[in-house]
Amino acid sequence: MKKLWLMVQSLLLALTLATPLWASSHGGHGAAASGQSLFVNIASDDLNRAVMAIGMPHKVLQMKKIPVTLFFNAEAVRLLNKNIPAHARSGGADIHAMLRSFMQDGGVVIVCPMCMTQVGGMTADDLIEGVTLGGPDATWPPLFAPGAVVLSY
């Protein structure tokens, strides 16, 4: 019986010591220090998807303090056009205001240049302020960063 009790105590001690290490390497409080980041691919200009694709990552940026990049491509590029009125859900901020707040908090917004011209019929002058034109130097580092998590909307 003493041997069984000793084994149980040893197992509990091992779990107690291992839990903080596991949590920090799997998105716990040490997320920023562990090199994690979030890359969000946004391909739809659907308002509900856009609100989720901007709002949830913004909370991650604010609360987890990890780098967040939003990448707009396909039809989603239209959401970045300053010449089109920004839509808002009832009682919510409009998409442009959400993006400005996200960028003010340190978030990065990148647009696919080919999609911008070919799908959106836009030029760089049509973009809201603060948006970066994509390309290998702008898009690939956050997309392929070690520890990057990629979401798609």
Side-chain angles (χ1 to χ4, degrees), residues 14-153:
L15 288 173
T16 302
L17 294 174
T19 299
L21 295 173
W22 182 87
S24 67
S25 68
H26 289 83
H29 294 294
S34 69
Q36 287 187 320
S37 62
L38 179 60
F39 185 94
V40 182
N41 177 59
I42 306 169
S44 172
D45 61 358
D46 176 83
L47 180 61
N48 293 315
R49 286 184 183 189
V51 167
M52 283 301 296
I54 299 165
M56 189 275 295
H58 192 182
K59 289 289 183 198
V60 169
L61 175 67
Q62 292 172 319
M63 297 173 75
K64 298 293 269 178
K65 306 294 186 216
I66 64 173
V68 178
T69 300
L70 304 179
F71 178 66
F72 287 77
N73 64 91
E75 287 84 13
V77 298
R78 294 184 190 103
L79 297 169
L80 303 176
N81 190 334
K82 67 182 178 187
N83 302 311
I84 297 175
H87 299 287
R89 291 198 306 191
S90 178
D94 69 54
I95 295 296
H96 292 171
M98 290 178 71
L99 288 166
R100 282 192 297 275
S101 177
F102 172 77
M103 289 186 283
Q104 286 172 352
D105 287 343
V108 175
V109 177
I110 301 174
V111 64
C112 166
M114 185 178 76
C115 300
M116 180 185 69
T117 59
Q118 300 299 313
V119 178
M122 302 159 45
T123 68
D125 292 334
D126 295 318
L127 297 172
I128 61 173
E129 187 176 335
V131 175
T132 301
L133 285 176
D137 292 339
T139 309
W140 292 359
L143 176 60
F144 297 117
V149 173
V150 179
L151 296 178
S152 188
Y153 284 89

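Positions are given from 1, in the same order as the sequence printed here. All values derive from a computational prediction rather than experimental measurement. Reckoned from all heavy atoms, side chains included, excluding hydrogens, waters and symmetry mates.
Separation of atoms OG1 (T69) and CG (L38) is listed at 8.0 Å; rounding is to 0.5 Å. To the nearest 0.5 Å, atoms CE (M103) and CG (L61) are separated by 12.0 Å. Taking CD1 from I95 and CZ from R78, the interatomic distance works out to 14.5 Å, rounded to the nearest 0.5 Å. Atom OG in S37 sits 12.0 Å away from atom CZ in F144 (nearest 0.5 Å). I42 CD1 to L79 CG: the interatomic distance, rounded to the nearest 0.5 Å, is 8.0 Å. Distance check: T132 OG1 to D137 CG gives 12.0 Å after rounding to the nearest 0.5 Å.
Proximity of D46 to E75: side-chain heavy atoms (C-beta onward) are nowhere separated by under 4.5 Å. You'll find the side chain of T139 reaches within 4.5 Å of the side chain of F71, heavy atoms only. V40 has its side chain out of reach of F72: every pair of non-hydrogen atoms, C-beta onward, lies at least 4.5 Å apart. For the pair M98 and V51, the minimum side-chain heavy-atom distance is below 4.5 Å. When side chains are defined from C-beta on, L127 does not count as touching N81, because their heavy atoms never get closer than 4.5 Å. Between M56 and Y153, some side-chain heavy-atom pair lies under the 4.5 Å cut-off. Between M116 and L133, some side-chain heavy-atom pair lies under the 4.5 Å cut-off. Looking at S44 and R49, their side chains come closer than 4.5 Å, going by heavy atoms from C-beta outward.
Contact detail for A74 and C115: the closest heavy-atom pair is N-SG, 3.3 Å. Of all the heavy atoms in K82 and H96, the pair that sits closest is CA-CE1, 3.9 Å. Closest non-hydrogen pair, G134 versus A138, comes out as CA-CB, 4.2 Å.
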Could you walk me through whether M122 and T117 satisfy the side chain to side chain contact (heavy atoms under 4.5 Å, CB included) test, starting with their C-alpha distance in whole Å, then the side-chain angles of each, then the deciding distance to 0.1 Å, before giving a yes or no? CA-CA 5 Å; M122 302 159 45; T117 59; over 6 Å; no
Walk me through whether D126 and N83 qualify under side chain to side chain donor-acceptor pair (under 3.5 Å). CA-CA 6 Å; D126 295 318; N83 302 311; 2.8 Å; yes
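Shown are L99, I110, V109; of these, the side chain to side chain contact (heavy atoms under 4.5 Å, CB included) with V131 is made only by V109.
Listed by chain and residue number, N41 satisfy the side-chain hydrogen bond (donor to acceptor under 3.5 Å, both in side chains) test with N73 (two or more places apart in sequence, or in another chain).
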